[in-house]
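Just below is one structure, and these are the notes that go with it.
Since the model is a prediction, treat every value here as computed from it, not as a measurement.
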Amino acid sequence: MGIRYLTPEFEVVRNDARCIRCQACARQCANEVHRYDADLDMMLSDEMQCVNCQRCVSLCPTNALKIVHSDCRLRENANWDNAHIREVYKQADSGGMLLSSMGNPEPYPVYWDRLLINASQVTNPSIDPLREPMETRVFLGKKPSRIRRGENGELDTTLTPQLELSMPVMFSAMSYGSISYNAHESLARAATELGLYYNTGEGGLHEDFYQYGPHTIVQVASGRFGVHEGYLQAGAAIEIKIGQGAKPGIGGHLPGIKVGADISRTRMIPEGSDAISPAPHHDIYSIEDLRQLVCSLKEATAYTKPVIVKVAAVHNIAAIASGIARSGADIIAIDGFHGGTGAAPTRIRDSVGIPIELALAAVDQRLRDEGIRNNVSLVVGGSIRSSADVVKAVALGADACYVATAALLALGCHLCRTCQTGKCNWGIATQRPELVKRLNPDVGSRRLVNLMTAWNHEIKEILGGMGINSIEALRGNRLMLRGIGLNGKELEILGVSHAGE
């Protein structure tokens, strides 16, 4: 037997006086942490398997459980902390690449928290959103750069296809396969009720969800899984996924163990086979190639649907966005390095890309400087955590925001960051039927509607406090932001003044 180098990261603390041996914890734990020993009449715990998902804690009828970080640590070392040492042990055991899920957990700056919102006082009075009109609707797509009139002098109001949102938020791409059927149904139903959109991700569109097509964005990724004419026609918009914030420059991989009959049919791949997306699209190696795909997708849908191009926030993002704006795309989606994922190489997730706040400000300014800002709408994602983050994003130049992790939290996610195992105890990032059924789509969709309704109320209150009565009036209005605790270069890129100026 080899040496066990790793020790449990978490400790299961059980109050034996409260524990009634009901075994609910054992039944609920997909990681098989808990078991009942009849000889000892005790509940025992295999703490090496615990991921701190809190399922057992939440459902213990006598509150007899809590999960804590183990205080068993290797000797302190400022250069080699426990996390780095544990990762070396894992790779030395397996010889494999480390995989992680959700967003970057490292303590990099979160610029949303270093931006403050201005408020109206006397000379520019605030607006009461309870008693005065407040417009949070947005339209995504190309806009004319000047007023146009017909031969008889009447205004020409024709536009290329637009997405109408009741508020500047959409549910970001999460594929069927990485998340469950019930999670997708929750997102689809909530988007429909709210007047928003949800994104299929690169896993195709399940046949049951075609009914939600008017509120669906269908994605075309490098693997082209589930892409066919009916799929393209079903959605309200088409998104070409070039990259995502959690793994810029990296393709996707859905293990064959997750590819059951439904996913096989939806993705149009053999059951039990790995779904591997190449890192690049093998027909896109230039902006001209991208333009060809954009035009092909528009041709296939009779020019009735806007086309989105999604890219990761990287160091030359402003130049990339400038090229995309000239490719014929209607919307650019940019995903920052805090963006979540079902699985990504740990080193990529934690080390590659840039924060969405800096990327957004740089792109918006570049497009304005080149006089092409109205050629495209900008949608940003990558750790949009609250209504305040949405407002700050719009002030930095976004037309709308993609949210994913916040939506999963509303569905019950506890951010235990083990989505890649397929053992999600909350029925979200799993395909195991006994786990999927733990997420009730009736409850899930209602919680998503509640969350977005609350955010919309808050957005109106914040706008009113600024003396602004529409999202459109805030877009790119960086005078309404002030930085705090930022250096001169950061303030320059963001295009905001320091608090007190």
Exercise for review: Would you please name every residue forming a salt bridge (charged side-chain N to carboxylate O under 4.0 Å, His left out) with R373, sequence neighbours left out?
Suggested key: D364, D399
Study note, to complete from the structure: Taken to the nearest 0.5 Å, the spacing of H184 NE2 from N199 CG works out to 8.5 Å
Tabulate below the donor-acceptor pairs under 3.5 Å that side-chain atoms of residues 403-410 make, not counting sequence neighbours, or state none.
none

Check your understanding: Does a side-chain heavy-atom distance below 4.5 Å link L358 with Y111?
Key -> yes
Check your understanding: Hey, are the side chains of K392 and L481 touching, using non-hydrogen atoms and a 4.5 Å cut-off?
Key -> yes
Point to revise | Counterpart residues, salt bridge (charged side-chain N to carboxylate O under 4.0 Å, His left out), relative to R18 (two or more places apart) | key: none
Review point. Taking all non-hydrogen atoms of both residues, which atom of R475 and which atom of G397 are closest, and how far apart?
Key: CG-O, 4.0 Å
Check your understanding: Looking only at heavy atoms, what is the nearest atom pair of S172 and Y402, with distance?
Key -> CA-CD2, 3.5 Å
Point to revise | K66 vs V12, side chain to side chain contact (heavy atoms under 4.5 Å, CB included): CA-CA, chis, key distance, verdict | key: CA-CA 6 Å; K66 65 178 178 179; V12 179; over 6 Å; no
Review point. With sequence neighbours excluded, what pairs up with S178 under the side chain to side chain donor-acceptor pair (under 3.5 Å) test?
Key: S175
Exercise for review: Answer yes or no: is there a donor N or O on one side and an acceptor on the other, between the side chain of T421 and the main chain of T418, under 3.5 Å?
Suggested key: yes
Exercise for review: Assess whether salt bridge (charged side-chain N to carboxylate O under 4.0 Å, His left out) is satisfied between K90 and E87, documenting all intermediate values.
Suggested key: CA-CA 5 Å; K90 288 178 181 178; E87 288 172 350; over 6 Å; no
Practice item. Go through the steps to decide whether R14 and S45 satisfy the test side-chain hydrogen bond (donor to acceptor under 3.5 Å, both in side chains), and finish with yes or no. Key: CA-CA 9 Å; R14 194 184 309 272; S45 304; 2.8 Å; yes
Exercise for review: Without swapping roles, check the side chain of D274 against the backbone of G256 for a donor-acceptor pair under 3.5 Å.
Suggested key: yes
Practice item. Tell me, please, which residues at least two apart from H69 pass ring-ring contact (aromatic ring centres under 6.0 Å, His included). Key: F10
Check your understanding: For H457, does the NE2 atom have more than 12 heavy-atom neighbours from other residues, nucleotides or ligands under 6.0 Å away?
Key -> no
Practice item. Using side-chain contact (heavy atoms from CB on, under 4.5 Å) as the criterion, list what pairs up with A221, not counting sequence neighbours. Key: E202, Q219, K241
Practice item. May I ask you to decide if G427's main-chain N or O and S180's side chain share a donor-acceptor pair within less than 3.5 Å? Key: yes
Review point. When you look at I332 and I308, which way does the side chain to side chain contact (heavy atoms under 4.5 Å, CB included) test go after all the steps?
Key: CA-CA 6 Å; I332 302 174; I308 308 167; over 6 Å; no
Review point. Counting only heavy atoms not in E434, do more than 12 sit closer than 6.0 Å to its CD atom?
Key: yes
Revision key, fill the gap. R347 and L98 have their tightest heavy-atom pair at NH1-CD1, 3.5 Å
Practice item. Return yes if some donor-acceptor pair links the side-chain N/O of R432 with the main-chain N/O of C424 below 3.5 Å, else return no. Key: no
Review point. Any side-chain heavy atom of R446 sitting closer than 4.5 Å to one from V443?
Key: no
Study note, to complete from the structure: Those residues at least two apart in sequence (or on a different chain) that pass side chain to side chain donor-acceptor pair (under 3.5 Å) with S101 are Q420
Check your understanding: Can you find a heavy atom in the side chain of T216 that is under 4.5 Å from one in the side chain of Y198?
Key -> yes
Check your understanding: Can you tell me if E47 uses its side chain to pair, donor with acceptor, with the backbone of P8 under 3.5 Å?
Key -> no
Point to revise | S327 side-chain N/O to I324 backbone N/O, donor-acceptor pair under 3.5 Å | key: yes
Check your understanding: Is the shortest heavy-atom distance from the side chain of N31 to the side chain of V51 under 4.5 Å?
Key -> yes
Practice item. List in chain and number order the residues that pass side chain to side chain donor-acceptor pair (under 3.5 Å) with D283, two or more places apart in sequence or in another chain; answer none if no residue qualifies. Key: R224
Review point. Among all residues two or more places apart in sequence or in another chain, which pass the ring-ring contact (aromatic ring centres under 6.0 Å, His included) test with Y5?
Key: Y89
Revision key, fill the gap. Rounding to 0.5 Å, atoms CZ (R114) and CG (L486) come to a distance of 6.0 Å
Practice item. Determine the interplanar angle of the Y285 and H282 rings, folded into 0 to 90°, and report it as parallel if under 30°, tilted if 30 to 60°, perpendicular if over 60°. Key: tilted
Check your understanding: Are any non-hydrogen side-chain atoms of K258 and T430 less than 4.5 angstrom apart?
Key -> no
Review point. Are side-chain N/O atoms of S387 and E458 paired as donor and acceptor at under 3.5 Å?
Key: yes
Review point. Ignoring hydrogens and geometry, is there a side-chain-to-backbone donor-acceptor pair from E9 to S70 under 3.5 Å?
Key: no
Review point. Which pair of heavy atoms, one from L360 and one from L396, lies closest together, and at what distance?
Key: CD2-CB, 3.6 Å
Exercise for review: For residues 48-63, pull every pair meeting side chain to side chain donor-acceptor pair (under 3.5 Å), keeping only residues two or more places apart or in separate chains.
Suggested key: Q28-R55, N52-Q54
Exercise for review: Look only at the side chain of H253 and the backbone of G251, and say whether a donor-acceptor pair between them is shorter than 3.5 Å.
Suggested key: no
**Study point:** Presence of salt bridge, D335 and K247, under 4.0 angstrom
**Key:** no
**Study point:** Nearest heavy atoms of A275 and R267, plus distance in Å
**Key:** CB-NH1, 3.6 Å
Point to revise | Check: H338 side chain, A246 main-chain N or O, donor-acceptor pair, under 3.5 Å | key: no
Check your understanding: What is the minimum heavy-atom distance between K437 and N182, and which atoms define it?
Key -> CA-ND2, 4.0 Å
Check your understanding: With H206, which residues qualify under ring-ring contact (aromatic ring centres under 6.0 Å, His included), at least two apart?
Key -> Y176, Y181, F209
Exercise for review: Determine, stepwise, if the pair E370 / S322 fulfils side-chain hydrogen bond (donor to acceptor under 3.5 Å, both in side chains).
Suggested key: CA-CA 8 Å; E370 295 183 358; S322 174; 2.6 Å; yes
Exercise for review: Would you check if I240 and H281 make a side-chain contact, meaning some heavy-atom pair closer than 4.5 Å?
Suggested key: yes
Check your understanding: Between D113 and V110, does a side chain to side chain contact (heavy atoms under 4.5 Å, CB included) hold up when you go through it step by step?
Key -> CA-CA 6 Å; D113 296 337; V110 178; 3.7 Å; yes
Check your understanding: Would you find a donor on one side and an acceptor on the other, under 3.5 Å apart, between the side chain of D37 and the backbone of M42?
Key -> no
Review point. Between R86 and D81, is the closest basic N to carboxylate O distance under 4.0 Å?
Key: no
**Study point:** Side-chain heavy atoms of E239 within contact of V309, under 4.5 Å
**Key:** no
Point to revise | N118 and R482: CA distance, side-chain angles, deciding distance, side-chain hydrogen bond (donor to acceptor under 3.5 Å, both in side chains) verdict | key: CA-CA 7 Å; N118 194 28; R482 288 293 184 272; over 6 Å; no
**Study point:** From CE (M43) to SG (C60), nearest 0.5 Å
**Key:** 9.5 Å
Practice item. Could you tell me whether L74 atom CG has more than 12 heavy atoms of other residues or ligands within 6.0 Å of it? Key: yes
Review point. R417: what forms a salt bridge (charged side-chain N to carboxylate O under 4.0 Å, His left out) with it, not counting sequence neighbours?
Key: none
